[in-house]
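A short worksheet on the structure shown next.
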Number of protein chains: 2
Amino acid sequence: MKKTSPANKRSPGRPRGFDRQAALETAMKTFWAHGYETTSISDLSRAMGINAPAIYSAFGDKKQLFLEAMRLYRGDPQRQAEAIAGAASAREAAAMVLANAIRTFTGKDTPKGCLVGTGLATGSPAAADVRAEGTAMRDTLEALLAGRIERDVSEGVLPPDTDAGTLAALVSCTVQGFSTLARDGASAAKLHAVTDLVLQGWPKEKSSSV
Amino acid sequence: MKKTSPANKRSPGRPRGFDRQAALETAMKTFWAHGYETTSISDLSRAMGINAPAIYSAFGDKKQLFLEAMRLYRGDPQRQAEAIAGAASAREAAAMVLANAIRTFTGKDTPKGCLVGTGLATGSPAAADVRAEGTAMRDTLEALLAGRIERDVSEGVLPPDTDAGTLAALVSCTVQGFSTLARDGASAAKLHAVTDLVLQGWPKEKSSSV
DNA sequence: TCTTTTTCATAATGATCGCTCGTAAATATC
DNA sequence: GATATTTACGAGCGATCATTATGAAAAAGA
């Protein structure tokens, strides 16, 4: 049984010859570029610069490595929830989510598109559980948005007949569409222009000042 | 060298023991469900009910089989072009494209989502040329839409400052987003509701009668 | 019936898959 | 230095990958 050293206290034995966090980031980018099942351990080994046994020793198996890369990609889920909850309005929350997606999907130093959306788009039945994690991530975002929209409705910012589920789905749909467009080569500017059109589907807010 | 019999004239030799078109349809659905690289020949062999050598004899190799399945999935490209060109307006062309996507992505007898969008979302460098075919398909649709939009602009149906490229990208983006939403389990009704919101981003037409 | 042509199923090709064993090397504590 | 512990790394595990060689079987024309 392997033991993950606490890193704050030096443990005996030969020290690890590579930076675990840097290796994880490289693995994330490799999965991002080529997908979960279509990235082999030997691909990862080559990209990370460490041999296969070292990968297994440090990260478990391929599935655990991908899930950890996925968590690194997603970032802190609580921060995301707070950002959506703390936005001035549901519309601004949506705009922020879309802007973040554009930045992530068209980054200069990372592969284009969404790691989760593209890397888990399809696959064998053996990877169904990993794909379910991806679906759960999208569902979580959609639920957060729907909740923020409903708050706007109950506070009178949005009309009472607003369909929060559909509106949240509009944002989620756009994010996923951005992933494919970005992978096809769309620029950030183009996606921002699309964002402006999409947000025209947003219900009129009861203007307070303007 | 194999010879694809013209089917109208009987050729000598043992007759094929399976329906080529039915086998192709089964292959299409299998690729649709599990993706291009993540579907193995043995998966296809099992699903199609024919042994591997028969697949190679009838369809060439895996790449050719997928490309043929892709063409079957897409349908007649000229029909698509004519449908978009023949629509009463660019907006109606967009609505038609989105409705078709919803029907295709949520069909009862086929896998959910888009064969091309999900089956080629990522993969190894060895399959880059096949992915490029998928991108080309999306680019073609977007170009057809942009052309139809520009016609509306030049005919005065849409405002002269309409950005045809962005508007076409909005539709393409929505189609691709629908693929992921459908795969995540979204109903056709939900996607139709999203369509209504998306089309609110469409520029106001100069109303002729109403 | 005999030859020709095509398809069939079995079995095997070399390569790669995810993963692990065994041993040498490098650090800690004693 | 001795011992314990951990990692590095070459080699190899069985399984599966896409693909094909082989030869029997089934049809046509002679």
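Quick note on labels: first sequence line is chain A, next is B, and so on, each numbered from 1.
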If only atom types and distance count, is the side chain of A/K112 paired as donor or acceptor with the main-chain N or O of A/G107 below 3.5 Å? yes
In whole Å, I'd like the distance from the CD atom of A/E37 to the P atom of C/dG18. 10 Å
Distance check: side-chain N/O of A/R16 vs OP1/OP2 of D/dT7, anything under 4.0 Å? yes
Look at all strands and tell whether B/S45 reaches a base, only sugar-phosphate, or nothing, counting heavy atoms closer than 4.0 Å. nothing
To the nearest Å, give me how far apart CE (A/M48) and P (C/dG18) are. 13 Å
Taking the side chain of B/P53 as heavy atoms from C-beta outward, which of C/dT7, D/dA8, C/dT10 is closest to it? C/dT10
Should A/S40 be listed as having a side-chain N or O under 4.0 Å from OP1 or OP2 of C/dT16? no
Are the side chain of B/R148 and the backbone of B/A87 linked by a donor-acceptor contact shorter than 3.5 Å? yes
Return yes if some donor-acceptor pair links the side-chain N/O of A/S179 with the main-chain N/O of A/C114 below 3.5 Å, else return no. yes
Between C/dG18 and A/S42, is there an OP1 or OP2 to side-chain N/O distance shorter than 4.0 Å? no
Rounded to whole angstrom units, what separation is found between the CD1 atom of A/I55 and the C1' atom of C/dC17? 14 Å
Would the distance check show the side chain of A/S45 and the main-chain N or O of A/I41 forming a donor-acceptor pair, the cut-off being under 3.5 Å? no
What's the CZ-P distance between A/F59 and C/dC19, to the nearest Å? 14 Å
Touch class at under 4.0 angstrom, heavy-atom based, for B/T38 against every strand present: nothing
Spacing between A/R20 atom CZ and D/dT7 atom C1', to the nearest angstrom: 14 Å
Please compare A/G17 and B/K63 by the position of their nearest nucleotide in DNA chain D and report the one closer to 5'. A/G17
Indicate yes or no for a side-chain donor-acceptor contact from A/D152 to the backbone of A/V157 under 3.5 Å, with no hydrogens or angles considered. no
With DNA chain D as reference, determine whether B/R14 or B/I41 sits nearer its 5' end, using the nearest nucleotide of each. B/I41
Whether A/N51 contacts D/dA8 is assessed here as follows: a side-chain N or O lying under 4.0 Å from the phosphate OP1 or OP2. Is that the case? no
Find the distance A/I50:CD1 to D/dA8:P and express it as a whole number of Å. 8 Å
Taken to the nearest whole Å, CZ/A/F18 to C1'/D/dC9 is 13 Å
Given D/dT19, is OP1 or OP2 found less than 4.0 Å from the side-chain N or O atoms of B/Y56? yes
